[in-house]
Amino acid sequence: MTPRFHWGVHRATGGPRAVLTYIIRRLFAAAVMLVVIMLAVFSIFFLIPKWTGVDPATMYVGKQTDAAALEGVREKLGLADPILVQLFEFFKGILVGRDYTGGGDTYHCSAPCFGYSFKTEQAIWPILADRLPVTLGLAAGAVIIWLLIGLTAGVVSALKRGSIWDRGAMILALGGVSLPIYFTGLISLAVFSYGLGLVAHQFTPIEENFSAWFSGMILPWVTLALLFGAMYARLTRATMLEVMGEDYIRTARAKGLREGVVIRKHAMRSTMTPIITLLGVDLGALIGGAILTETTFSLPGLGQAVLKAIGERDLPLILGVTLITASAVVIANLLVDVLYGVIDPRVRLA
Amino acid sequence: MTAPMHDTVPVESGDAVAAADVTKKDVEGRSLGRIAWNRLKRDKLALAGGVMVIVLVLVAVFAPFITSVLGHDPDVRNEDLIDPLFQTPKGAWGGISSEHLFGVEPGNGRDIFSRIVYGARISLLVGFLSAVVAVVIGTVLGILAGYFGGWLDAVISRVMDMLLAFPQLLFIISLISVMPNQLIGLHGTGVRLLVMIMVIGFFGWPYVGRIVRGQTLSLREREYVEAARSLGAGRRYILFKELLPNLIAPITVYATLMIPTNILTEAALGFLGVGVKPPTASWGNMLSTAVSYYDSDPMFMIIPGLAIFITVLSFNLFGDGVRDALDPKGSR
């Protein structure tokens, strides 16, 4: 066994340069993912309607059957153009902005251009920019609570395997993964907010009043975090149990380390590795949960916007929300990955 | 090239289980199914879950019979049971009586029990069939990636990684919102069911694919595969006769654990108003209506919520049991 200094880990894997290569590779992967997402969104909104025999123009116009109006929309949005031209315009609009020409007028839509709402005729981007912070605030708070609940419960359960605490926590966790967010949300709203009056039931923007915002966000945070927290508690426990059975834990104990050190320095580190990987993957699922939570608690975020848009068949808005949320997930994932590569040197070699 | 694997699913093949079991008292050959069943029999919680699952399936299959015996069609409105002023059911607890076991819906007085029974059909149908879609795609692509390796593996693995990180619910919502009302001979509810099954299944396949790929990778190096190959077995023989039987255990476990997730997704879509639409009864769309009555008629919210909870919990208990029974290490 070669002696290792605490900073030797970096040396062994090539130091800062390896980190840089790793980060560049992750950046590239994220860029590819963004392009794929844009392609997927484009296909959903422009290709699939074609295959299923729906004229996108009629979806934009809604119930009107005025032939002239349809023609106008088709011309304005370029729906009659070849599909590749449409795709190019779509990408161009997002990256550098685009012009819409219709009925002799030209509108410039500056980047990032997601088009105009068909309901309100507003540009989509400002609507999104307005609502994004609400969703991000919800997601970020939930992630913190979920990791706290999940990791603590999982680690303690694994260390005290078979105890009352372990059994109780695991029964709660099993219940937690089986409870739909919208159900727990509605019940907690009825009990804690309307029934006991402990927390606010209305959303206040963060810039208006921080404590009111915080009070209004507690229930949504906890509701959203419960589902994931329960999942992570189960996963952490299983991983931790497996790690504690490994030979190097026995070795660490054999050389006389205190149990606390064995757990903190040896077991925890290996347990965290798969959990953090999973966290990156689950950010996409978190967005789904956030949509449900926003609907349950009437938070004015992206989820609520997209549902309203579906009701009104406001396609540009649906498209914008889908794209912006998917991009947020990719970026958050990238951050997790980079952080992970810095923390765990083995990842860079993979 | 290795894709990240972080699952709590058994990753040993059947013969390893059999080998581990030889040390037990009887040495006579026992199939993997037999061993698993013996373990499952001892797990009370899993059995309870399994019984509940069977009951739910029976309820779904015989829904028309059950409702006709009790005499309440799920679509018949009983406006005489509704308070004309508040639109809530007359009587306490949301109108629960010996006649209407779970009460009636506010606003229109439809029998909640019948609607829950019919809602089970939608939930289970979407839950099962989308799992089937996911298992079929995942198994085929997982075996291809694991067995052939190379660029095929690289492409399939990257696609899986990408799909796993996708905000699925959002994509499902937008896909359903651009679907027409009529498609290949189906209308309204039929189209929505078909789209939900296909889309939920599509986003589920990478979970199965990863497991199958990892398994195939380790199995194809085993001696018995090598032996078959040296005896001149064709590629198809090795894939279907040597590899696939050993993949059944992990696939079964994952499929069982996938059904409850799919049921939750279906209910979520119903709740968001993009799933099956009323008057067709589904648990999700009942909850969605219940939102507007949650302080005046909380029972209407609690009943479909509990239906979802109990169903998902039963599947989870049963799935956990099956996993433990098939897991040779017997941990957890």
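Proteins come first, then strands; the chains are lettered A, B, ... in the order of their sequence lines, and each starts at number 1.
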Review point. Between B:Phe309 and chain A, which part of the residue has a heavy atom less than 4.5 Å away: side chain, backbone, both or neither?
Key: both
Study note, to complete from the structure: The ring-ring contact (aromatic ring centres under 6.0 Å, His included) partners of B:Phe318 (sequence neighbours excluded) come to none
Gap between atom [atom2] of [Y] and atom [atom1] of [X] - 0.5 Å precision:
| X | Y | atom1 | atom2 | result |
| --- | --- | --- | --- | --- |
| A:Ile318 | B:Ile173 | CD1 | CD1 | 9.5 Å |
| B:Leu169 | A:Leu286 | CG | CG | 11.5 Å |
| B:Leu163 | A:Met33 | CG | CE | 8.0 Å |

Show me the donor-acceptor pairs within less than 3.5 Å that the side chains of residues 170-185 of chain A make with the rest of the protein, sequence neighbours left out.
unit_1	atom_1	unit_2	atom_2	d
A:Ser178	OG	A:Leu174	O	2.9
A:Ser178	OG	B:Asn316	ND2	3.0
A:Tyr182	OH	B:Leu264	O	3.4
A:Tyr182	OH	B:Ala268	N	3.2
A:Thr184	OG1	A:Pro180	O	3.0
A:Thr184	OG1	A:Ile181	O	3.0

Review point. For A:Ile187, is it the side chain, the backbone, both or neither that has a heavy atom under 4.5 Å from a heavy atom of chain B?
Key: both
Heavy-atom pair count under 4.5 Å with chain A, highest-scoring of [options]:
| options | answer |
| --- | --- |
| B:Ile302, B:Ile310, B:Leu313 | B:Leu313 |
| B:Thr261, B:Thr265, B:Leu45, B:Asp320 | B:Asp320 |
| B:Leu317, B:Ile172, B:Leu175 | B:Leu175 |

Review point. For the residue pair A:Thr322 and B:Leu170, what are the closest heavy atoms and their distance?
Key: CA-CD2, 3.5 Å
